[in-house]
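A quick write-up on the structure given underneath.
Just so you know, these numbers use all the heavy atoms, side chains as well, and skip hydrogens, waters and symmetry mates.
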Amino acid sequence: MSSTAPIDPQTAVATALGSAEMGPPAATLERPPGSLRICLTTTLDAPAGWVARELQTTALFRHITAPLLRFGTVHGPWPAHWPMGDTELRFALFGLLPMGRQTARISVHANEIPGAWPMLRDNGTGQLMRVWDHRITVHSLPGAPGTPERTCYTDEVFVRARYLPWLMTPVSAAFAWVFYRHRQRRWVRWAREHSAASA
């Protein structure tokens, strides 16, 4: 959804999440020791503002992770938007094979990329993973006047397994590549459906 008034991404994200608190600038965040890095980027046929707002909802998270992984909350119902701090989750492969618990640890970080929204970070940990540090960057792509807005969307994740890290960290990194590629394919379809509905 476009607007004639300029949108300040940091203010918009803080308003949606109910918190103006920002973590350290994205550019200063370090790589977790002993982790492997996966980075995947795709283009979404939707405005960056809409993408950033959708990112803050737990409904979108459940949609793009299904059916590969099915998540549930450990305490109470799903909140409409991700709260700052910790949310305990349980998850299962294809909804059938339980894979333990994972703590999503949500924070927002100012981004120095021109036109980028604040980076959304889940610095998670769980029963299987010592490190699952997921960082999402969203920024507008330049286009010709009158053309639909598009968004550059990047998933960057650092993983380190809790047990037998010399073996399970590479296995976890391979799974992370499959998982985030799956998420991005779901994102592309979701954005196209939104654009079609808004046309």
Side-chain angles (χ1 to χ4, degrees), residues 1-17 22-32 35-66 68-69 81-82 104-124 132-159 173-199:
M1 181 181 298
S2 60
S3 172
T4 55
I7 299 173
D8 173 53
Q10 181 165 316
T11 301
V13 170
T15 300
L17 294 175
M22 289 277 171
T28 67
L29 298 177
E30 297 181 354
R31 178 175 185 156
S35 64
L36 291 180
R37 174 180 179 265
I38 300 295
C39 188
L40 297 170
T41 296
T42 193
T43 299
L44 304 177
D45 293 327
W50 176 82
V51 172
R53 287 190 295 272
E54 288 291 294
L55 267 176
Q56 296 152 29
T57 69
T58 60
L60 182 278
F61 167 77
R62 285 174 281 162
H63 175 76
I64 62 173
T65 56
L68 183 58
L69 291 180
H81 294 83
W82 287 107
R105 186 166 292 120
I106 305 298
S107 58
V108 179
H109 303 263
N111 211 320
E112 297 178 355
I113 299 174
W117 287 64
M119 185 187 77
L120 188 64
R121 182 189 192 193
D122 168 18
N123 189 17
W132 191 278
D133 187 353
H134 180 209
R135 308 170 186 185
I136 302 174
T137 300
V138 170
H139 68 274
S140 298
L141 290 173
T147 61
E149 297 180 57
R150 297 185 306 149
T151 298
C152 180
Y153 174 96
T154 299
D155 287 306
E156 182 182 30
V157 61
F158 300 89
V159 300
F175 177 79
W177 189 94
V178 172
F179 177 57
Y180 285 106
R181 182 58 70 195
H182 166 78
R183 282 173 47 124
Q184 289 191 2
R185 285 195 297 265
R186 301 273 287 177
W187 250 121
V188 168
R189 288 197 293 269
W190 186 247
R192 284 176 181 163
E193 291 172 7
H194 165 76
S195 297
S198 302

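- Judged as a salt bridge (charged side-chain N to carboxylate O under 4.0 Å, His left out), and not counting sequence neighbours, the contacts of E156 are R37.
- Here the side chain of E112 pairs no donor or acceptor atom with the backbone of A27 at under 3.5 angstrom.
- Take D122 and apply the salt bridge (charged side-chain N to carboxylate O under 4.0 Å, His left out) test, not counting sequence neighbours, and it matches no residue.
- Distance check, rounded to the nearest 0.5 Å: CD1 of I106 to NE2 of H81 gives 13.0 Å.
- For F158, the ring pair (Phe, Tyr, Trp, His ring centres under 6.0 Å) criterion is met by no residue, not counting sequence neighbours.
- Here the CD atom belonging to E149 is positioned 10.5 Å from the CG atom belonging to L141, to the nearest 0.5 angstrom.
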Which is it for W177 and L36 under the side-chain contact (heavy atoms from CB on, under 4.5 Å) test, yes or no, and what are the steps along the way? CA-CA 11 Å; W177 189 94; L36 291 180; over 6 Å; no
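- Defined by atom type and a distance below 3.5 Å, a donor-acceptor pair is missing between the side-chain atoms of W190 and H63.
- Residues satisfying the ring pair (Phe, Tyr, Trp, His ring centres under 6.0 Å) criterion with Y180, sequence neighbours excluded, are H134.
- Within the 4.5 Å cutoff, no side-chain heavy atoms of L55 are placed close to those of W82.
- Note: T42 OG1 to R181 CZ = 6.5 Å, rounded to the nearest 0.5 Å.
- T28 pairs by the side chain to side chain contact (heavy atoms under 4.5 Å, CB included) definition with P24, P25, not counting sequence neighbours.
- When the salt bridge (charged side-chain N to carboxylate O under 4.0 Å, His left out) test is applied to R135, the partners found at least two apart in sequence or on another chain are D133.
- Residues P47 and T151 approach most closely at C-OG1, 3.2 Å, considering heavy atoms.
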| task | Any chance you could lay out the side-chain contact (heavy atoms from CB on, under 4.5 Å) test for H139 and N111, step after step, and finish with the verdict? | result | CA-CA 10 Å; H139 68 274; N111 211 320; over 6 Å; no
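- With sequence neighbours left out, the salt bridge (charged side-chain N to carboxylate O under 4.0 Å, His left out) criterion links R105 to D86.
- Under the side-chain contact (heavy atoms from CB on, under 4.5 Å) test applied with Y153, the options T41, T43, I136 reduce to a single match, I136.
- Minimum heavy-atom separation, R186 to A66: NE-O, 3.1 Å.
- In plain terms, the two heavy atoms of W117 and A48 that are nearest each other are NE1-CB, 3.6 Å.
- Residue pairs meeting the salt bridge (Lys or Arg N to Asp or Glu O under 4.0 Å) criterion with at least one member in residues 187-199, sequence neighbours excluded, do not occur.
- Partner of I38 under the side-chain contact (heavy atoms from CB on, under 4.5 Å) criterion, chosen from V178, V159, V157: V157.
- Using a 4.5 Å cut-off on side-chain heavy atoms (C-beta onward), V51 and W187 make contact.
- Scanning for side chain to side chain donor-acceptor pair (under 3.5 Å) contacts around T58 gives R62, with sequence neighbours left out.
- Atom OG1 of T154 is separated from atom CG of L40 by 9.0 Å, given to the nearest 0.5 angstrom.
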Take L120 and V108, measure what side-chain contact (heavy atoms from CB on, under 4.5 Å) needs, and give me the verdict at the end.
CA-CA 5 Å; L120 188 64; V108 179; 4.0 Å; yes
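- The side chain to side chain donor-acceptor pair (under 3.5 Å) search around S107 returns H109, not counting sequence neighbours.
- Evaluation of the side chain to side chain contact (heavy atoms under 4.5 Å, CB included) rule for T65 yields F61, F71, F179, R183 as partners, not counting sequence neighbours.
- When the ring pair (Phe, Tyr, Trp, His ring centres under 6.0 Å) test is applied to H182, no partner is found at least two apart in sequence or on another chain.
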